[in-house]
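Okay, structure first, notes after.
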Amino acid sequence: AVKLLMWRLPLGLRLKLVLLLWAWVESSPGPVGDIVVDRYSVPKRCRREVKDGDFVRYHYNATFIDGKQFDSSYQRGTPFFEVVGQGRQLAGVDKGIVGMCINERRKITVPPHLAYGGQGAGDTIPPDTTLVFDLHLLDIFNRADKVQTRVIKSSKNCSRSVMRTDFVRFHFNGSLLDGSTFDSSYERSQTQDSVVGEGWLIKGLEEGLLGMCVGEIRNFIIPPFLAFGEKGYGKEIPPHATLVYDILLEDLHNTKDDITVEIQEVPESCTRKSVTGDYIRYHYNGTFLNGITFDTSYQRNSTYNTYIGLGYVISGMDKGLQGVCVGERRRITIPPHLAYGQQGAGKDIPGSAVVVFDIHVIDFHNPKDSVQVDVTFKPEPCNETSEVNDFVQYHYNCSLLDGTLLFTSSDYSAPQDVVLGADKVIDGLDEGLRGMCVGERRTIIVPPHLGHGERGGDVPGSAVLHFEVELVSIQKGVPEGYLFVWLKDSPAELFQALDMNQDKEVPLEEFSVFIKQQVAEGKGRLKPAQDPEVVIGDMFKNQDRNKDGRITAEELKLKVEEDAEKEDQHDEL
């Protein structure tokens, strides 16, 4: 009908109409049926399809119907980039690419009027030539796009999420929309570390990281204008590339952060809390915010021991151990500027890492501490108490402050015994046993400097000890250096009292009978905790100055005078 109409018009008008129709054909994409689309490779999942107004990046091979190639982006090594639906590419390709998915491959057969028409294209494409374009879609985005965020794994415990000016550490896999990997922190075995909101990262990453929790995994799809734009980045990221990140947030903190302390368990009885200068023993588990353990004292079966508040440990721990009770459990979260800083610590703790310590306080003491005595039972009446040089018998349980039993007299068939002040037990226990009545019960807290010290031995080093004691018996002692003391006035004529048969000399047998008689009558007391015969024998040897087995009045006189001189010297001292 058009042709018929044209022949009826004047020649000049017909020429104008031909030009007008030719221009219409060149500028209009024509019906979909004018192109043939063969979608020979379609991905199973298609998140998005090309539509007018989208920017696309694709590789192509361009051939004639006979298969002869006349152009290829592959040979140039640079994908084609253009906007769809605005006449910036061949009308047939513009039409045929609509609805395409990332990584889809399709052949678009373009008739001449949707390609180069009757004019062709120089010497390469003859007039009225049908063309075939084999496309592989690599990327698609729109100026209206925003960062697409998808949560892959949520954090179980999230007390805080990423905010602007936070410092974050994260692992990532970075890929293009076609799946090509351009970078991975996992391959480097090192997190990506950065401040959020300060321009250290591409805008899309900074936007996507906001609100993330430690342990959370997110997938980001970032359009090029929020990534590396038209310049790309190096050889890995081409211009106009949409980026895909799978992000695992490992850590976050702010330089304004202080430590946080979460008290998990406090014993019912807490008579004292730790202060600066105390020496503390504690067990700990050290982890990162993601829960991964980097150190633990439990595996070594040994507490960590240190002074607090004096700079012996990282400043955050120095602060976090203040005010604890014996037996307390608490969690101390320490930002890196109060922990190991940007350098980290060896291979175990990376730079700028937040560290978390779950601690259990075993005990603490101060070098100025004295023995702590608590009387739990005292019999009435209490007329006689233990003192230095007394021989005492006692039952006891010895444990650490966490209740771990170390020793007990129950393991023996008889009570334990000791001469107080004779340096036979640790100083703290010796002191705690003084001033007790028979039947009295006490708890005695002994700091390590009055116990087994820093090295320990049979007990852990620097351990505070808890004793439960009950006094079973007391044998009153004699002053140091003495074997016998008079409890009442000695006889005025001592030698005559010793010389029972009045033969002017006293053998051991006669001496022994006399001393035993004084003890039996409560007039004198032998040194306790030793065989009386041995003690009396030593006493006799001290009096028998010429070692002839006999004590004479002259020997006794000289000994008495010598002892008196020593007493005078002692009094002067």
Side-chain angles (χ1 to χ4, degrees), residues 265-275 277-284 297-298 300-308 321 324-329 359-378 385-388 390-412 414-436 440-472:
E265 180 182 336
V266 179
E268 293 182 3
S269 175
C270 180
T271 57
R272 175 184 164 190
K273 295 184 177 181
S274 62
V275 296
D278 282 344
Y279 191 87
I280 189 169
R281 298 193 314 122
Y282 61 94
H283 271 301
Y284 70 90
S297 64
Y298 293 98
R300 295 189 295 272
N301 196 30
S302 176
T303 57
Y304 190 84
N305 310 332
T306 185
Y307 288 97
I308 61 172
L321 288 171
V324 297
C325 299
V326 171
E328 182 175 335
R329 296 178 186 270
I359 67 164
H360 179 206
V361 180
I362 302 303
D363 64 37
F364 61 85
H365 73 280
N366 195 283
K368 299 179 181 178
D369 284 349
S370 58
V371 174
Q372 178 183 335
V373 175
D374 180 21
V375 177
T376 57
F377 174 76
K378 192 166 188 176
T385 59
S386 57
E387 57 186 348
V388 173
D390 286 351
F391 176 76
V392 297
Q393 290 183 308
Y394 60 98
H395 283 299
Y396 77 97
N397 292 318
C398 175
S399 61
L400 301 177
L401 290 192
D402 66 355
T404 302
L405 182 64
L406 299 177
F407 313 105
T408 175
S409 60
S410 299
D411 292 338
Y412 305 95
Q416 296 295 291
D417 54 59
V418 69
V419 175
L420 297 180
D423 199 25
K424 298 299 182 181
V425 293
I426 58 174
D427 292 345
L429 179 58
D430 196 310
E431 182 179 336
L433 287 169
R434 300 174 191 178
M436 290 187 73
E440 182 177 337
R441 292 191 290 270
R442 291 180 173 183
T443 60
I444 305 170
I445 306 299
V446 180
H449 53 275
L450 296 174
H452 292 271
E454 293 183 6
R455 295 186 178 182
D458 294 333
V459 304
S462 300
V464 178
L465 301 180
H466 177 275
F467 285 90
E468 296 174 337
V469 299
E470 179 182 0
L471 195 63
V472 176

Calculate, to the nearest 0.5 Å, the distance between atoms [atom1] and [atom2] belonging to [X] and [Y] respectively.
X: Glu470; Y: Thr376; atom1: CD; atom2: OG1; result: 9.0 Å
X: Asp374; Y: Thr271; atom1: CG; atom2: OG1; result: 9.5 Å
X: Arg329; Y: Ile359; atom1: CZ; atom2: CD1; result: 10.5 Å

* Please check if the side chain of Ser409 supplies one atom and the backbone of Tyr396 the other of a donor-acceptor pair under 3.5 Å. =>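 Answer holds: yes.
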* To do: Evaluate whether atom CZ of Phe377 has more than 12 neighbouring non-hydrogen atoms of other residues, nucleotides or ligands under 6.0 angstrom away.
  =>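 More than 12 heavy atoms, drawn from other residues, nucleotides or ligands, come within 6.0 Å of this atom.
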* Asked: Is it true that atom CD of Gln372 has more than 12 heavy atoms of other residues, nucleotides or ligands lying nearer than 6.0 Å?
  ->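 No.
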* To do: Please test Glu265 against His360 for side chain to side chain contact (heavy atoms under 4.5 Å, CB included), starting from the C-alpha separation and ending with a verdict.
  => CA-CA 9 Å; Glu265 180 182 336; His360 179 206; over 6 Å; no
Ignoring hydrogens, what is the shortest heavy-atom contact between [X] and [Y]? Give both atom names and the distance.
X: Asp430; Y: Gly421; answer: OD2-N, 2.9 Å
X: Leu321; Y: Tyr282; answer: CD1-CE2, 3.6 Å
X: Val464; Y: Pro448; answer: CG2-CD, 3.8 Å
X: Val326; Y: Ile362; answer: CG1-O, 3.2 Å
X: Leu420; Y: Ser386; answer: CD1-CB, 3.8 Å
X: Arg434; Y: Arg442; answer: O-NH1, 2.9 Å

Give the table of side-chain donor-acceptor pairs shorter than 3.5 Å for residues 300-307, with sequence neighbours excluded, one pair per line with atom names and distance.
{"unit_1": "Arg300", "atom_1": "NH1", "unit_2": "Asp295", "atom_2": "OD1", "d": "2.8"}
{"unit_1": "Arg300", "atom_1": "NH1", "unit_2": "Thr296", "atom_2": "O", "d": "3.3"}
{"unit_1": "Arg300", "atom_1": "NH2", "unit_2": "Tyr284", "atom_2": "OH", "d": "2.8"}
{"unit_1": "Thr303", "atom_1": "OG1", "unit_2": "Arg281", "atom_2": "NH1", "d": "3.4"}
{"unit_1": "Thr303", "atom_1": "OG1", "unit_2": "Asn305", "atom_2": "OD1", "d": "2.7"}

* Go through the steps for Leu429 and Tyr394 under the test side chain to side chain contact (heavy atoms under 4.5 Å, CB included), then give the verdict. => CA-CA 11 Å; Leu429 179 58; Tyr394 60 98; 3.8 Å; yes
* Going by heavy atoms in the side chains, are Leu450 and Ile426 under 4.5 Å from each other? ->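 Leu450 does not reach Ile426 side chain to side chain.
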* **Contacts of Glu454 that satisfy side chain to side chain contact (heavy atoms under 4.5 Å, CB included) - sequence neighbours left out** =>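 Here the qualifying residues are Ser462.
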* **All side chain to side chain contact (heavy atoms under 4.5 Å, CB included) counterparts of Asn366, not counting sequence neighbours** =>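 With sequence neighbours excluded, Asn366 shows a side chain to side chain contact (heavy atoms under 4.5 Å, CB included) to Arg272, Asp278, Lys368, Asp369, given in chain and number order.
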* Run the side chain to side chain contact (heavy atoms under 4.5 Å, CB included) check on Leu433 and Asp390 step by step: do they pass? -> CA-CA 10 Å; Leu433 287 169; Asp390 286 351; over 6 Å; no
* Among Pro447, Ser274, Cys325, find the one that has a side chain to side chain contact (heavy atoms under 4.5 Å, CB included) with Phe364. =>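 Between Phe364 and the candidates, side chain to side chain contact (heavy atoms under 4.5 Å, CB included) is satisfied uniquely by Ser274.
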* Let me see the working for Val469 and Met436 under side chain to side chain contact (heavy atoms under 4.5 Å, CB included), right down to the final yes or no. => CA-CA 10 Å; Val469 299; Met436 290 187 73; 4.1 Å; yes
